[in-house]
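Structure record follows, encoded as structure tokens.
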Amino acid sequence: MNITFSKPSYPSTGGLIALTAESSGLMPSAAKLDRKMRGSLKRAMNAEGFTGKRGQFLVVLAPTGLRADRVVLVGIGKAETFDSSAAEKLGGRVVGQLKSMGVSHAALITDPISASPLETSSIAAHLACGASLRSYLFGRYKTKRPKVPKIRLRKLTIMTSNPSKARSEYRPLAGIVKGVFFTRDLVSEPANVLFPVELAERAKTLKDDGVKVEVLTATKMRELGMGALLGVAQGSAREPRMVVMQWNGAPDQADQTPVAFVGKGVTFDTGGISIKPSSGMEDMKWDMGGAGVVIGLMRALAQRKAKTNSVGVVGLVENMPSGSAQRPGDIVTSMSGQTIEVLNTDAEGRLVLADALWYTHNRFKPRFIVDLATLTGAIIVSLGTERAGLFCNNKELSQQLMAAGDTVGEKLWPMPIDDAYDTDIDCDIADMKNIGSGRGAGSVTAAKFLQRFVNRTPWAHLDIAGVTWSKKELTLVPKGGTGFGVRLLDRLVAENYETP
Ligand code: BES
Ligand code: MN
Ligand code: ZN
């Protein structure tokens, strides 16, 4: 979908959208429109019980005299609480509504809302951002037009008194949207197309944004002693990779110590020799979701030229059963020197992350590491698809993450990492085993495993297994890959780790 900003005018086709605050009468543009429609807008409002509640819609066929096809009133709710995230959500809802109406072009008028904490140009920019996020479509593999041509929303014009100001406020937001879309594209790709080498190739396109990208091959990883990651990869015909991305946007006089993000990139997880049941296994194409977020985040930071130094590291493997696959009971030596008894080859994400985390803190000594992984089915049992699990060894970082999540609507929930859980992965014949002894707290033992590879670095682990893929449309997300984490971590950086 194409989004443009312009001065208010009456569009010649499509939908004309105006905003209305809750129970405060029509805003100037809507009032003007109502006069042009000789009062029929107000009559329709009364007849339909439209009061301007946030997200409420009123659709009226445009009368003669207007060249648009339809007039849509949108409730923004109480103006005082109409902040940037409310504006984004509303933008998303507007696109949802337009899609269901089968409208291909629409224009939305924004008025100054005096009671709102936002200026008109920011309202316009955030509406555009939300609209754009909702409009995403992964259409690469559709070669035929549907029989009944369903019109797609192609163009949204946001009309505002100062379009150039709105446009410049939208620019960094558009950068973030690009990052989110990149993540969604990667997550949506099937595993026959997106295997480790190909995912590394896609990450290399970040060079165009000014990101430094290094790719470690299997040989290099063997030299570094990454036995945990390589053990997972050995059953696959696809070679593993590790990608190291650096965005250096901090000004010279600022602290150059980077922040770091690490992602699980299992391009397909069959479970290995501890093979998964076939039903639903196709979902495991998005077991590289953590890596997808890290790569999209690096794009977002670079696109909006974030004044920060940031490192992204992703471990890329395919987990397959084969004659060369690792067996349950195999013992591997990780880059840290710690040995691991692999009791379940389906608990592979932690093995990949063990080496990626160790490499990251060892090489970069970052201010913190946040890792993201579709790590456990157990987190879906705990939190469903609403929130991601947050495991953290640092109070400040945990508070910053919670706050960032609440702001952008990618919400987290704190999970425990007490020392008492740690003994569960102690092992008789190696330093640790890759699954817990009991049946409980599977997400926690997985996090405790990871913690053994970050020492005292401030660290947070986000288990995103429940939020990476959506089976239904959400306000800012069509069905499919969500990109959950990109906006959250972009916000974390913007609020706390950027030179003003
Ligand atoms: N990739 C899965 C976790 C997962 C499950 C992600 C469902 C998304 C949706 C992970 O590698 C895995 O298989 N975990 C096992 C761990 C167990 C063997 C200790 C699990 O959750 O069952
Ligand atoms: Mn697995
Ligand atoms: Zn997995």
Side-chain angles (χ1 to χ4, degrees), residues 187-188 191 194-196 199 228-229 231-236 238 240 262-293 314-321 325-330 340-356 371-389 391 415 421 424-425 427 432-450 461-471 480-482 484-485:
V187 163
S188 306
L194 198 80
F195 40 89
L199 186 44
L229 182 149
V232 178
Q234 79 187 32
S236 170
R238 308 288 197 182
V262 172
K264 166 180 172 181
V266 177
T267 57
F268 197 80
D269 179 15
T270 62
I273 296 298
S274 315
I275 198 163
K276 287 180 183 296
S278 58
S279 137
M281 202 199 271
E282 66 277 8
D283 282 349
M284 288 301 109
K285 76 169 185 182
W286 46 263
D287 208 20
M288 38 54 70
V293 171
V314 293
L316 312 177
V317 301
E318 184 182 55
N319 189 22
M320 297 291 272
Q326 72 180 340
R327 296 141 290 254
D330 282 5
I340 305 159
E341 187 182 19
V342 180
L343 288 178
N344 189 320
T345 63
D346 196 13
E348 84 297 340
R350 65 198 75 181
L351 297 168
V352 173
L353 287 172
D355 283 334
D371 79 68
L372 301 104
T374 48
L375 202 62
T376 65
I379 201 67
I380 310 176
V381 177
S382 306
L383 302 175
T385 57
E386 195 57 33
R387 288 177 186 256
F391 303 80
M415 300 287 289
Y421 290 104
D424 212 33
I425 50 171
C427 175
M432 68 195 90
K433 52 194 186 198
N434 77 331
I435 51 170
S437 315
R439 278 174 298 129
S443 306
V444 185
T445 43
K448 291 309 286 181
F449 183 97
L450 301 182
H461 156 60
L462 309 184
D463 194 333
I464 56 171
V467 296
T468 294
W469 191 265
S470 182
K471 293 204 155 81
T482 63
F484 183 110

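Just so you know, residue 1 is the first one in the sequence shown, and it goes up from there. In listed order, ligands and their atoms are each counted from 1.
- Every atom of ligand 1 is numbered from 1 in the order shown, and the set under 4.0 Å from a heavy atom of Ala465 is 6 (C), 8 (C).
- Shown here are the protein N/O/S atoms lying under 2.8 Å from the Zn ion (ligand 3), water excluded: Lys264 NZ, Asp269 OD2, Asp287 OD2, Glu348 OE2.
- Here the side chain of Asp287 pairs no donor or acceptor atom with the backbone of Val266 at under 3.5 angstrom.
- Under the side-chain hydrogen bond (donor to acceptor under 3.5 Å, both in side chains) criterion, Thr345 pairs with Ser274, not counting sequence neighbours.
- Those atoms of ligand 1 with a heavy atom of Arg350 less than 4.0 angstrom away are 16 (C), 19 (C).
- Between atom 18 (C) of ligand 1 and the options Asn344, Asp287, Val352, Thr270, the minimum heavy-atom separation is to Asn344.
- Listed by number with element, the atoms of ligand 1 under 4.0 angstrom from any heavy atom of Glu348 are 11 (O).
- The shortest non-hydrogen separation linking Thr468 to Trp286 is CG2-CE3, 3.9 Å.
- At a cut-off of 2.8 Å, measuring from the Mn ion (ligand 2), the protein N, O or S atoms that fall short of it are Asp269 OD2, Asp346 O, Asp346 OD1, Glu348 OE1, waters left aside.
- If you look at Lys264 next to ligand 1, the close heavy atoms, those under 4.0 Å, all belong to the side chain.
- When the options Glu282, Met288, Met281, Arg238 are evaluated for a side chain to side chain contact (heavy atoms under 4.5 Å, CB included) with Phe268, the one that passes is Met281.
- Residues forming a ring pair (Phe, Tyr, Trp, His ring centres under 6.0 Å) with Phe195 (at least two apart in sequence, or on another chain): none.
- With contacts defined as side-chain heavy-atom distances shorter than 4.5 Å, the pair Phe449/Leu351 qualifies.
- None of Thr270, Asp269, Ile273, Ile275 except one satisfies the side chain to side chain contact (heavy atoms under 4.5 Å, CB included) rule with Met320; the exception is Thr270.
- Nearest-residue assignment for atom 20 (C) of ligand 1 (options Gly377, Ala347, Ala446; heavy-atom criterion): Gly377.
- Closest non-hydrogen pair, Ala291 versus Gly265, comes out as CB-CA, 3.6 Å.
- The protein atom (non-hydrogen) at minimum distance from atom 14 (N) of ligand 1 is Leu375 O, 3.5 Å.
- Heavy-atom proximity to atom 19 (C) of ligand 1, evaluated over Val381, Asp269, Ile435, Ile464, is greatest for Ile435.
- Separating the CD atom in Glu348 from the CG atom in Leu229 is a distance of 10.5 Å, to the nearest 0.5 Å.
- Considering only non-hydrogen protein atoms, atom 7 (C) of ligand 1 sits nearest to Met284 CE, 3.8 Å.
- Not one N or O on the side chain of Lys264 forms a donor-acceptor pair closer than 3.5 Å with the backbone of Arg350.
- Every atom of ligand 1 is numbered from 1 in the order shown, and the set under 4.0 Å from a heavy atom of Thr376 is 3 (C), 21 (O).
- Taking 4.0 Å as the cut-off, Trp286 counts as a neighbour of ligand 1 on heavy-atom distance.
- Looking at Met281 against ligand 1, nothing comes within 4.0 Å, counting heavy atoms.
- Contacts between Asp283 and ligand 1 below 4.0 angstrom, taking non-hydrogen atoms only, are absent altogether.
- When each of Ile379, Leu372, Thr482 is paired with Ile464, the side chain to side chain contact (heavy atoms under 4.5 Å, CB included) condition holds for Leu372 and for no other.
- Backbone and side-chain nitrogen or oxygen atoms of Asp346 are examined, and one is located within less than 3.5 angstrom of a nitrogen or oxygen of ligand 1.
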